[in-house]
Every structure is written in structure tokens, then in C-alpha cells.
Amino acid sequence: MSFSKKITDLKREVLKESEPLFAHIEDVAEANTLKVLDAMRECRVSDAHFNTTTGYAYDDIGRGKLEELYAKIFGAERALVRTQFVSGTHALATVLFGILRPGDELVSLTGKPYDTMQTVIGYDNPSPGSLKEFGVLYNELPMVAGKVDMAHIKDVITDKTKMVEIQRSRGYSMRSPLSIEDIRAITTEVHRIKPDCICFVDNCYGEFVDYEEPTQAGADIMAGSLIKNPGGGIAPTGGYIVGRDDLVELASYRLTAPGMGDELGASLSNNRLLFQGLFLAPHVVSQAIKGAIFAAGMFAKLGYKTLPLPTDVRGDIIQAIELGSADKLIAFCGGIQKYSPVDSFAAPEPWDMPGYADKIIMAAGTFAQGATLAYRAAGPLRAPYNVYLQGGLTFEHAIIGIMGAAQAVLDLDETD
Ligand SMILES: *Cc1c(COP(=O)(O)O)cnc(C)c1O
């Protein structure tokens, strides 16, 4: 074993202190498991839906059933759930390009959007293929002290504003994620100011963290990734869009082609993985959140700034820790990698990732490449060198991984 006494003592202490925080998380997981099971019964899911299809795949009953199930669970009219979405960004971009037209304005109410969404928008420059290049206008409302600036929403919504984007999770920033109550307050305010303004939620990392989802709290449409929360660590790839019937239909014309929409698209991967992943998702999300609380507890005791704090209410599965130096960020990721089930022998190095401005270092020993419900740590190589921990398919793995990271960072301190 390669953990020092200091680390194992700390682990025991943190586990004991975290215990009272876990009861709420287990309750949410049970409620969401019931929600999924009730929907599976109402939709009459059976193993006839688990097959693959080929070609155009008209009347693909597995694909259709999965979309019916997603719509029901997320309290939405319609869903598009496809492995043809290459990532969360692709699903989110499909919503934006499907609905917005030249001259329409998109307003982000959560400040600067997630890195890859900036490229989609054409944030700094109208990058090729971006919304800006197509003549879609963009504005944003900066967050104030990590919160949405509720008092000033009315100042940024104008006649041109077709849609607001609300990013639930922190992404790679130190703001707080939004709670379902925050989202309800924002959508209520937007619809009060302009009833037909579309409230679009980037729900990445938010699924099953709370009892309700944004589409049950006023969002008109939302999207996310299947290799994050709703895939349960089992979905091999894909993304989803759920929301109002007319809006999901518009998005479907962008995913395939105008006129075709959601009626085509083969289930090339076994649909069982998507159904089974969805069934497991509430539990796996609870494991990830427990892991995040444990990580916050460990690193708070080691003297680091964490967001959220160990005792904060969670709005996503991400745990940010401010490490303060590139060396520590690299050591941390190396520690996580060492205790991964896949590629544990590899040493992560910073690299240029498509869609991201800074170099990113990532510990990624996951079964599906880049899957972020599986245990993963990543951070951009920029001050103050925050690491963003995500996921953990099992709480046991999260504990071991964070001990590995803590040990690597401590070893670095001792060699200084
Ligand atoms: C992960 C994420 C996305 C999409 O990223 P992909 O890697 O393309 O799935 C978008 N927004 C937020 C806030 C995210 O966390």
C-alpha cells in the first residue's frame, strides 16, 4: 500500500464527518430511482427495445422508447436521445442552431459560457461555423459574486432576445452551480419579462443531483451528454435534448436534415446500454456526489480552498479545488490516474484540446473515453490552477482516487 499514515488517518476523520451529509444524497438517489422505475413501467420497457437497427431505421422501437422514457423522466413533451450526438457540446449546439435564426439574439444569464460553447457562439471572434458567423447576436449578463444577477435580467432581455442560456453547472470556473430553485426563479423572471423568450438550460452534470430537473422548473428546453450523469457510466457515447415539442422538433431538423427530423437514425450501439445506464444513473450520481464531498473534506483539511465547501448543498457533481501551482495540478491528476481502472500506468500531461483555449491536463482512466461520470480530474493550465473532479462510478473508487491525489500532492510538498 502506498498511502502514508497521515492520509489514512485523514480519510477516517473525513469519512466520519461526512456521514451526516450523505443521508440527503441517498434520499435524492432513492427518489430518482423510483422516478425512473415508474417511468419504465408506464412506458412498458421490455427487452424487445434493446436491439440494434441499421440504415434509415424508420420505426426503430428501441430509439422511440428511449426518447419516450427520457421525456417522461424529465417532465418534458419530447426528447431526442441519440448516440449520433458526438458529445454534450454537439447536443447543445444542435439546440442553438436548430432554433436561432439570423438577427435573433442569444443571452447568457450565467456569464461567460463553458469553454466549448464559446467556440460554438463565436464568443471572441466569429469562428467558422459559429452562431455569430451566421448573424446570430450574443449578449451576456455577468454573474455577481458567483450568482445570477436577478435584478438586472430585465436590462438584457430586449425585443431581439429569442433565447436565454442558463448554464447549471460550474464547468471550469469557480462560480456556484445553480440549484433547481435558482433555475425556477430565473425562468419565472424571464417569462415574466418576455413570455415567449425561450429558456434553454445547459444541464451538463446536473441530472439526478436533485429531486427535479430544469424542465420541471420552467425551462423550455435543455440538453446534456450521455457520458455524463444520465448515461450512468454505461452509455458508450451520445447526447440528449428534452423540452417543448415544437423546440425539440426544430432541433431534430438540425441533427438530421429539414423534413427528416427524428424519424431516422439507427441504433448502432446496443440500446440496452442506454436503458441500463439511465436506470443506474441516480445511484451512480449519488456515488459521485459522496466522492465530491469526501474530496472537499480531505483537501479542506490539507489547507486548500474548495468549491463547494464540504457542507455546501450540491447543484452538480463537480468538485473544484484550488491547488495554486501547475506542479500540484499535474501531481493531483497523476494520483487520480494511478488508481484508475484503465490506463493506470500512464502519466497525464497537459495538451491542447479541441474547443478549449488553454492547455488542459486530465486524468482519464475511464471505460468510455472522456466519460465524466466515471472518476476523472481535469483542469486548465492557468492560474490559480484549479482542478475539477468529476464523477466516480463507485464511492469506494472515489475514496481511493482522492487518497492517491492527496498523497501525490503531499509528496510534492515534502520534496520542495
Ligand atoms: C461537459 C459540459 C459541456 C459539454 O461538453 P462535452 O465534453 O462536449 O460533452 C457543456 N457545458 C458544460 C457546463 C459542461 O460541463
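For ligands, and for the atoms within them, numbers begin at 1 and follow the listed sequence. Just so you know, these numbers use all the heavy atoms, side chains as well, and skip hydrogens, waters and symmetry mates.
- The heavy-atom pair separating I73 from Q216 by the smallest distance is O-NE2, 3.7 Å.
- Atoms of ligand 1 found under 4.0 Å from any heavy atom of Q167, numbered from 1 in the order shown, are 13 (C).
- The salt bridge (Lys or Arg N to Asp or Glu O under 4.0 Å) search around E213 returns R168, not counting sequence neighbours.
- Ring-plane geometry between F299 and F332 is classed as tilted, the angle between the planes lying from 30 to 60 degrees on a 0 to 90 degree scale.
- Considering backbone and side-chain atoms alike, G88 places an N or O below 3.5 Å from some N or O of ligand 1.
- For ligand 1, the atoms sitting less than 4.0 Å from at least one non-hydrogen atom of L92 are 10 (C), numbered in the order shown with element in parentheses.
- The residue I318 has no part lying near ligand 1, judged by heavy-atom distances below 4.0 Å.
- Ligand 1 has no N or O atom lying under 3.5 Å from any N or O atom of Y205, backbone or side chain.
- Distances from atom 1 (C) of ligand 1 to the heavy atoms of R170, R168, K228 show the closest one on K228.
- Within the cation-pi definition used here (under 6.0 Å to the ring centroid, within 45° of the axis), K228 qualifies as a partner of Y114.
- Using cut-offs of 30° and 60° on the angle between ring planes, the pair Y211 and H24 is perpendicular.
- Residue T89 touches ligand 1 through backbone and side chain together, judged by heavy-atom distances below 4.0 Å.
- Of the polar atoms of D202, at least one N or O is found under 3.5 Å from an N or O of ligand 1, judged by distance alone.
- For E133, the side chain to side chain donor-acceptor pair (under 3.5 Å) criterion is met by no residue, not counting sequence neighbours.
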